[in-house]
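Written out below as structure tokens is the structure these notes cover.
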Amino acid sequence: MKEKLQEILENSKEAIASAKTLSELEQIRIKYLGKKGELTLVLRGMGKLSKEERPVIGKLANEVRTEIEKNLEENKSVIKEREKQARLESEVVDVTIPGKSFKVGRRHPLNLVLEEIQNIFMGMGFKVAEGPEIETVYHNFDALNAPKDHPSRDLSDTFYINEDIVLRTQTSPVQVRVMQKTKPPIKIISPGRCYRSDEIDATHSPMFHQIEGLVIDKNITLGDLKGTLDIFAKRFFGVGTKTKFRPHYFPFTEPSAEMDVSCFKCGGSGCRMCKGSGWIEILGCGMVHPNVLKECGIDPEVYSGFAFGMGLDRIAMLKLEIDDIRLFFENDMRFIEQF
Amino acid sequence: MLVPVSWLKDYVDIDNISIKELEEKLIMSGSNTETVTKIADNVEGVVVGKILEIVPHPNADKLIITKVDVGSETVQIVTGAENLHVGDYIPVALPGAKLPGGIKIKKGKLRGEISNGMLCSAEELGFQENVVPKESKNGIFILKGDFTLGEDIKKALSLDDYVIEFEITPNRPDCLSMIGMARETSATFDLQINYPKIKIEDEIEDIDSYTSVEVEDYDLCKRYAARVVKDIKVEPSPMWLQMKLMKAGVRPINNIVDITNYVMLEYGEPLHAFDLEKLNGNRIVVRRAKKGEKIVTLDEVERELDENNLVIADADRPVAIAGIMGGEDTEVTENTKIILLEGANFDKTSIRNSSRSIGLRTEASSRFEKGVDPNIVVNALNRACQLIEQLGAGKVIKGVIDKYENKLEKWFITVRPERINDLIGVQLSQDEIADILNRLELETEKKEEKLVVTIPTFRQDLQQEADIVEEVARIYGYDRVQPTLPKGAAWGARTNAQEIEYYTKNILNSIGFNEITTYSFVSPKSLDTINVPEDSFLRRTVNLINPLGEEYSVMRTSLIPNMMEVLTRNYNRNVNDVLAFELGRIFIPHDVPVTTLPLEKKVLTIGMYGEKIDFFSLKGAVCTLLDRLGIKGYQFEPEKNHSTFHPGRCATIAYGNHILGSLGEIHPDVLENYNIDIRTYVADIDFNIILQLARLDKLYKPLPKYPAITRDIAVIVKDTVYSKEIENIIIQKGGELLEECRFFDVYKGRQIPKGYKSMAYSLTFRAGDRTLTDGEVGKVYDRILNELKERLDAQLR
């Protein structure tokens with residue numbers, strides 16, 4: 001009996017060691033430990049043993065079983081590991097093959113830039129105001145202190161619906177509307193479409209976009225104008241951006257200025273984008289003219305404010321290095337999908 | 001406005017200021033520059049020479065051989081120029097000389113004859129063709145006067161000079177003059193300004209015996225002054241005068257014309273010279289033209305006038321269109337002996353309208369229409385007389401006729417230094433502010449805390465305190481004002497509507513749609529292209545009076561044509577799959593013709609085409625959007641009568657009593673109009689309603705605790721039965737236990753009778769408080785099936 005058990009143990013050891021797969025291992029387990037397995041058969045034959053032999057052989061048989069089970073288990077994890085390795089090796093893919101594409105739509109580049117600008121100003125406490133694109137001559141010109149015989153009112157410059165109604169030439173009428181119905185403090189930007197009678201070419205479009213801003217409160221200064229727009233320039237064009245405010249003229253502001261930013265392409269040393277000057281003109285601005293405040297029912301003795309305006313299309317062209325404004329309105333998907 | 005720096009130096013001592021500093025500081029005080037150009041840049045080794053001899057070239061008809069004295073020697077030079085005469089002074093580029101464009105002059109031979117240098121044109125010295133005097137045009141630059149032979153041309157003609165082109169803003173017409181720019185320079189650098197000293201040495205006789213002036217329309221002619229000069233000798237101007245004009249962008253003509261131009265550039269006051277002997281009745285009448293009156297102007301064009309044109313007339317006829325251009329009949333010519341010099345001030349609006357009505361804009365009219373100081377008129381006239389006398393071009397007659405009824409006087413603006421400081425954000429003392437204003441020739445007088453500022457008549461832009469604030473700020477320097485931030489506690493945010501718009505775009509982007517942006521004005525024909533019926537309200541459009549062309553003549557009432565154009569353009573450019581949307585405005589008039597501002601409505605249009613795209617792709621996109629916007633309970637109703645869409649593949653999106661929009665496959669006729677042969681899908685959604693229905697607030701619903709049971713159901717129904725009818729029954733009979741009913745297949749063909757279809761749905765059942773049993777679900781399933789059989793005659797497949 002003893003010898004038989006030893007033999008079973010030795011044979012199983014050998015078989016387990018040479019097993020290559022989990023199923024072979026299972027076969028081995030069944031062969032020795034299954035219901036009709038060799039060890040099981042030995043144990044069944046124990047009834048024939050003497051009273052004295054029985055516990056000894058029983059103990060031995062159990063030791064053999066434990067030993068076999070242990071060997072099986074050990075080899076099982078070895079084989080498992082080997083099989084896993086083999087599977088991984090067989091599953092190698094060429095990771096340089098392009099990935100499957102997930103199509104994500106894009107914002108139109110003009111709105112992409114607009115949203116960026118909006119976010120900057122919203123972060124500085126500005127709300128976004130909107131107004132009609134078809135406007136009265138009053139809101140578009142008169143209320144903004146534009147002289148009655150100003151050339152911008154000409155049929156050659158402005159699109160007319162009738163003598164009192166035009167396609168707005170600027171988003172400033174939104175400022176007028178806001179000032180007329182809101183009590184200061186006012187802090188808004190007004191983005192939107194504008195229209196001027198320009199023939200279409202690479203840099204002109206009869207429809208274009210402006211973003212204007214307006215701040216009205218007590219004690220607003222030219223310094224506040226500079227500080228606000230300087231932060232905008234640094235956030236939009238980069239922290240290193242410098243600003244320069246040059247005196248200029250607009251009918252609806254006094255004092256008025258134009259703001260240049262240091263060229264964000266060359267950093268100010270002069271390049272093609274800034275035409276060698278190191279500066280790029282970005283926007284017009286100024287302190288709101290007291291005539292405009294009065295016209296809008298705001299007492300210029302109590303309140304002051306500043307306003308600014310910039311052409312979105314031009315700024316987007318500068319920032320994205322687009323050389324033809326017509327691309328914005330052609331809407332070629334290959335263009336839009338670049339941004 | 002072209003300003004030669006040397007001319008500026010006549011009035012302000014800027015010798016020690018570099019051109020760079022001059023430009024930069026003037027920009028920062030408000031005189032923005034367009035360009036700064038160095039005259040005769042890259043010209044080296046060109047000297048003054050004199051033609052001694054001209055002989056024909058033996059071997060070339062079009063060439064001549066000249067002997068030129070250049071002081072140290074006489075050189076032979078071959079040239080093709082045709083404007084040379086013996087005795088002419090000319091610029092000579094000797095061997096070794098350099099000319100613009102990298103040209104180097106060498107000794108050489110031309111057709112066998114020695115040519116040791118080159119005679120230069122004005123263009124070769126760097127001048128624009130439009131300022132070159134007539135006799136030097138297309139030839140060698142003929143120099144007038146006496147010169148030292150061999151002298152460097154740059155020295156001889158004062159070519160070591162810069163010309164600054166200033167951008168003059170419309171509020172500063174006074175800066176359209178050398179004196180105006182000299183004033184700005186003086187204020188900017190705090191330098192003294194030296195005005196020209198006007199003195200006429202010798203005046204004879206009396207003007208009243210020569211002429212008289214009558215102004216009929218003082219409303220349009222505020223001032224008319226005249227002087228007379230006799231014994232006129234018309235000849236080319238001396239070189240110094242020609243050079244000044246040429247650098248300032250004006251072509252020299254003759255001494256008299258040049259002097260009037262010089263004074264116009266110097267003072268900003270346009271002058272005109274008449275041949276007095278050609279004025280009928282020897283007199284001037286300033287009046288409105290009579291309707292139908294004609295005049296041939298200096299440019300040899302006959303112009304018909306009416307009452308809107310102010311004219312300068314003699315006893316019988318107009319001799320000039322006031323402030324715009326003189327007449328040919330009374331032009332100063334070589335034979336002119338006596339001239340009447342006009343200096344006048346005309347109403348700016350009148351000049352503008354007059355100039356526009358006859359379609360003629362001149363240097364004079366563009367100044368008058370911006371506004372000229374009426375008080376410089378006589379100064380300018382006297383300055384011209386002084387120059388005529390100096391050049392020996394005539395004898396000045398004593399006396400000035402000056403018709404000036406309502407003299408413009410200086411005015412006063414009282415300003416508060418404290419207010420000025422508050423607006424700029426600085427702390428200047430009353431004295432500092434007064435000092436700045438004095439630099440601008442604005443006299444100040446202290447009146448307690450305030451300053452009373454006297455405004456000279458050349459500064460008509462200064463009308464109120466705010467204007468003075470700007471003067472102080474710009475001379476103090478915008479760059480010296482410390483940047484600060486507004487103190488208020490404002491908070492920024494999008495409005496609810498803006499948030500919904502932003503969110504809508506994000507959703508559409510996230511499911512693959514690109515945003516497009518198209519023109520708001522379209523062709524009226526665009527509605528024909530999408531087959532809009534003749535009587536549709538879409539055809540009531542807002543029309544432009546002055547469009548750029550028919551193509552852009554009406555404001556859009558639908559975004560579908562714009563979308564179709566974009567889809568077509570992409571298709572024609574072989575862009576394979578296009579998913580696009582535009583969120584924009586349409587313009588609906590309240591009345592036609594328009595008398596009030598139209599309604600501006602926001603519309604969302606979604607368009608797509610592509611290989612795997614069908615009606616349900618579009619519908620799926622729309623549903624995804626509406627679901628994400630929190631809009632529930634919308635319905636798709638078949639629409640057979642929308643002429644833009646395929647009658648069998650179009651639906652109206654309904655929400656209660658509202659119509660949210662339409663969607664469908666574009667009608668083949670419309671596709672044909674666009675000449676595009678791929679099925680195209682468009683949805684047109686009223687975004688104003690979306691703005692009202694959208695609910696962006698979200699609420700948490702507990703996750704299911706108990707398992708669901710899924711049953712599929714497939715029924716055979718008539719073709720005419722809509723899926724929605726089946727779904728409605730399933731939902732109704734499914735009751736509370738039905739969590740979801742999802743369509744997954746429609747099948748026609750084998751095993752299905754003709755005229756029938758098989759519709760399959762996947763039903764999910766779940767209870768919130770227990771695990772459902774098969775038995776429970778079976779009962780509900782049977783109820784559904786029975787109802788489908790009963791109401792739709794459906795058969796379980």
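Quick note on labels: first sequence line is chain A, next is B, and so on, each numbered from 1.
Counting only N and O atoms by type, the side chains of B:Asn509 and A:Arg107 include a donor and acceptor under 3.5 Å apart. Side-chain contact, B:Glu515 with A:Asn331: no donor N or O sits under 3.5 Å from an acceptor N or O.
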Next item on the list: Quick one: do A:His248 and B:Glu167 satisfy side chain to side chain contact (heavy atoms under 4.5 Å, CB included)? Show the steps, please.
Entry: CA-CA 10 Å; A:His248 200 71; B:Glu167 172 197 354; 3.1 Å; yes

Next item on the list: Kindly indicate, with the supporting measurements, whether the criterion side chain to side chain contact (heavy atoms under 4.5 Å, CB included) is fulfilled by B:Asn570 and A:Asp332.
Entry: CA-CA 6 Å; B:Asn570 278 280; A:Asp332 190 313; 3.7 Å; yes

Checklist line | Chi angles and distances behind the side chain to side chain contact (heavy atoms under 4.5 Å, CB included) call for B:Phe521, A:Leu167 | finding: CA-CA 10 Å; B:Phe521 27 51; A:Leu167 299 191; 3.8 Å; yes

Item checked: Derivation of the side chain to side chain contact (heavy atoms under 4.5 Å, CB included) call for B:Met28 and A:Lys244 -> CA-CA 9 Å; B:Met28 291 311 292; A:Lys244 182 163 89 178; 3.9 Å; yes

Next item on the list: Evaluate ring pair (Phe, Tyr, Trp, His ring centres under 6.0 Å) for B:Tyr552 paired with A:Phe159, printing each intermediate quantity in order.
Entry: CA-CA 11 Å; B:Tyr552 311 105; A:Phe159 292 117; 8.9 Å; no

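The choice from A:Thr228, A:Leu225, A:Asp164 that makes the most heavy-atom pairs within less than 4.5 Å of chain B is A:Thr228.
With a 4.5 Å cut-off on side-chain heavy atoms, A:Glu258 and B:Asn32 count as touching. Looking only at side-chain heavy atoms (C-beta outward), B:Val594 and A:Ile165 come within less than 4.5 Å of each other. By the 4.5 Å heavy-atom criterion applied to side chains, B:Gln498 and A:Glu130 are counted as neighbours. When side chains are defined from C-beta on, A:Ile161 counts as touching B:Leu544, because their heavy atoms get closer than 4.5 Å.
Heavy atoms of A:Leu110 lying under 4.5 Å from chain B belong exclusively to its side chain. The parts of A:Pro151 that come within reach of chain B are both its backbone and its side chain, each placing non-hydrogen atoms under 4.5 angstrom from that chain. For chain B, the nearby parts of A:Glu135 are the backbone and the side chain; heavy atoms of each come within less than 4.5 Å. Heavy atoms closer than 4.5 Å to chain B are found in the side chain of A:Glu337, but not in its backbone. Heavy atoms closer than 4.5 Å to chain B are found in both the backbone and the side chain of A:Pro206. Only the side chain of A:Ile231 comes within less than 4.5 Å of a heavy atom in chain B; its backbone stays farther off. Interface residue A:Ile220: backbone and side-chain heavy atoms are both found under 4.5 Å from chain B. If you measure heavy-atom distances from A:Lys187 to chain B, the contacts under 4.5 Å come from the side chain alone. Within the 4.5 angstrom heavy-atom criterion, no atom of A:Thr243 approaches chain B. Within the 4.5 angstrom heavy-atom criterion, only side-chain atoms of A:Ile336, from C-beta onward, approach chain B. At a 4.5 Å heavy-atom cutoff, A:Ser277 makes no contact with chain B through either its backbone or its side chain. Heavy-atom distances place no part of A:Asp230 under 4.5 Å from chain B, backbone and side chain included.
Salt bridge A:Glu133/B:Arg585: present, at least one basic N to carboxylate O contact under 4.0 Å. Note on A:Arg246 versus B:Glu24: no salt bridge recorded, every NZ/NE/NH1/NH2 to OD/OE distance being 4.0 Å or above. At a threshold of 4.0 Å, the pair A:Asp154-B:Arg356 counts as salt-bridged, since one of the basic side-chain nitrogens sits closer than that to a carboxylate oxygen.
Proximity of a side-chain donor or acceptor of A:Lys127 to a complementary backbone N or O of B:Arg494 within less than 3.5 Å is not detected. Judged by distance alone, with hydrogens and angles left aside, the side-chain atoms of A:Lys226 form a donor-acceptor pair with the main-chain N or O of B:Tyr478 at under 3.5 Å. Of the possible polar contacts, none joining the A:Arg334 side chain to the B:Val575 backbone as a donor-acceptor pair under 3.5 Å is found. At distances below 3.5 Å, not a single donor-acceptor pair connects side-chain atoms of B:Asp479 with backbone N or O atoms of A:Phe245.
Atoms CG and CZ, from B:Asn171 and A:Phe250 in turn, are 10.5 Å apart once rounded to the nearest 0.5 Å.
Near-neighbour residues of residues 482-491 of chain B relative to chain A, defined by a heavy atom under 4.5 Å from a heavy atom of that chain, comprise B:Gln482, B:Pro483, B:Thr484, B:Leu485, B:Pro486, B:Lys487, B:Gly488, B:Ala490, B:Trp491.
Under a cut-off of 6.0 angstrom, the local environment of NZ in B:Lys505 is crowded, with over 12 non-hydrogen atoms contributed by other residues, nucleotides or ligands.
Relative ring orientation between B:Tyr519 and A:Phe329 is described as tilted, the plane-to-plane angle lying within the 30° to 60° band.
Scanning all heavy atoms of the two residues, the minimum distance from B:Ser29 to A:Pro247 falls at C-CG, 3.7 Å.
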